[in-house]
Amino acid sequence: MLGEKIKPMQTQQERWQEIDDLLEEMVKGQQASLLKLAETLLPGITLEDLLQPNDYPDLETHPLFRYEEGMLAGILSVQAALRFLGVAQH
């Protein structure tokens, strides 16, 4: 689905759903990238562990990890905002 164009005959609700689905796909992809990077630094780390990276100094001080974590935070922020707008439209 990533990269597909929105179809012109969709309802507004269908468009919001397609956008939400795309953002969810982006979240999952970024989480996978973040976990892959974290595993190179700390083998055996889990996605749940990444919710508190400050517990792991190797992650907390790693610039690429912090960048990737910021990318995920940005995607999640957009997702939350658009979900709010989508709900507010109904």
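Hydrogens, waters and symmetry mates are skipped; everything else that's a heavy atom, side chains included, is used.
Taken from CG in L23 to CZ in R83, the straight-line distance is 8.0 Å, to the nearest 0.5 Å. Between E48 atom CD and L35 atom CG the span is 12.0 Å, to the nearest 0.5 Å. Rounded to the nearest 0.5 angstrom, E14 CD and I19 CD1 are separated by 12.0 Å. To the nearest 0.5 Å, atom CG of residue L59 and atom CG of residue L64 are 11.0 Å apart. Annotation: the span from E24 atom CD to I75 atom CD1 amounts to 10.5 Å, rounded to 0.5 Å. Within the model, atoms CD of E60 and CD of Q52 stand 10.0 Å from one another, a figure rounded to the nearest 0.5 Å.
In this structure, F65 and D58 have side chains that are not in contact, with every pair of non-hydrogen atoms separated by 4.5 Å or more. Looking at heavy atoms from C-beta onward, D49 lies out of side-chain contact with D55 at the 4.5 angstrom threshold. Looking at D20 and L82, their side chains never come closer than 4.5 Å, going by heavy atoms from C-beta outward. Side-chain contact check for Q31 versus L34: every heavy-atom pair is 4.5 Å or farther apart. Taking the side chain as every heavy atom from C-beta outward, Y56 and L50 never approach each other to under 4.5 Å.
Taking a cutoff of 4.0 Å between a charged side-chain nitrogen and a carboxylate oxygen, R66 and E69 qualify as a salt bridge.
Formation of a donor-acceptor pair under 3.5 Å by the Q30 side chain with backbone atoms of E68 is found in this model.
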